[in-house]
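Predicted, not measured: the structure shown is a model, and the values here were computed from it.
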Amino acid sequence: LQADVRRLKLLSQRRGFDFQIVAIPDSFDVESNEPFDQQYMQALYDLGYSAGSTGELWTQEPGVF
């Protein structure tokens, strides 16, 4: 996975695009208790919405997640 992300970064740079990536941080400690866990999915959604709104989790460096 890390090699794929690095390759995407290189391809983006070669084509003149900015590269940004986001991942679920280690600090996310909500656990899923079943295959379709609505509370877990809501917590992931809330994290993603916050990250998208504030930009706080976005990085330009692969492996820094």
Side-chain angles (χ1 to χ4, degrees):
L1 178 65
Q2 289 289 336
D4 292 332
V5 172
R6 291 182 200 285
R7 189 172 330 128
L8 287 171
K9 180 180 180 180
L10 288 173
L11 288 170
S12 297
Q13 290 173 334
R14 286 182 189 159
R15 296 196 170 137
F17 295 106
D18 289 334
F19 177 84
Q20 295 282 320
I21 190 166
V22 68
I24 299 169
D26 291 335
S27 61
F28 183 78
D29 60 358
V30 179
E31 294 186 25
S32 177
N33 296 319
E34 54 191 79
F36 188 81
D37 188 334
Q38 223 172 354
Q39 289 178 331
Y40 176 78
M41 290 189 294
Q42 184 66 51
L44 278 176
Y45 174 85
D46 292 341
L47 176 69
Y49 188 88
S50 173
S53 297
T54 64
E56 66 193 40
L57 297 179
W58 289 94
T59 182
Q60 293 182 336
E61 295 303 320
V64 184
F65 11 50

For a quick test of your reading: what N or O donor-acceptor pairs under 3.5 Å do the side chains of residues 14-21 make, sequence neighbours left out?
none

For D29, salt bridge (Lys or Arg N to Asp or Glu O under 4.0 Å) partners two or more places apart: none
Exceeds 12 heavy-atom contacts within 6.0 angstrom, atom CD of Q38: no
Spacing of CG belonging to L11 relative to CD belonging to Q13, to within rounding of 0.5 Å: 9.5 Å
In a table with atom names and distances, give each donor-acceptor pair under 3.5 Å that connects a side chain of residues 40-52 to protein atoms at least two apart or in another chain.
unit_1 : atom_1 : unit_2 : atom_2 : d
Q42    : NE2    : D46    : OD1    : 2.9

Listed partners of S27 passing side-chain hydrogen bond (donor to acceptor under 3.5 Å, both in side chains), at least two apart: none
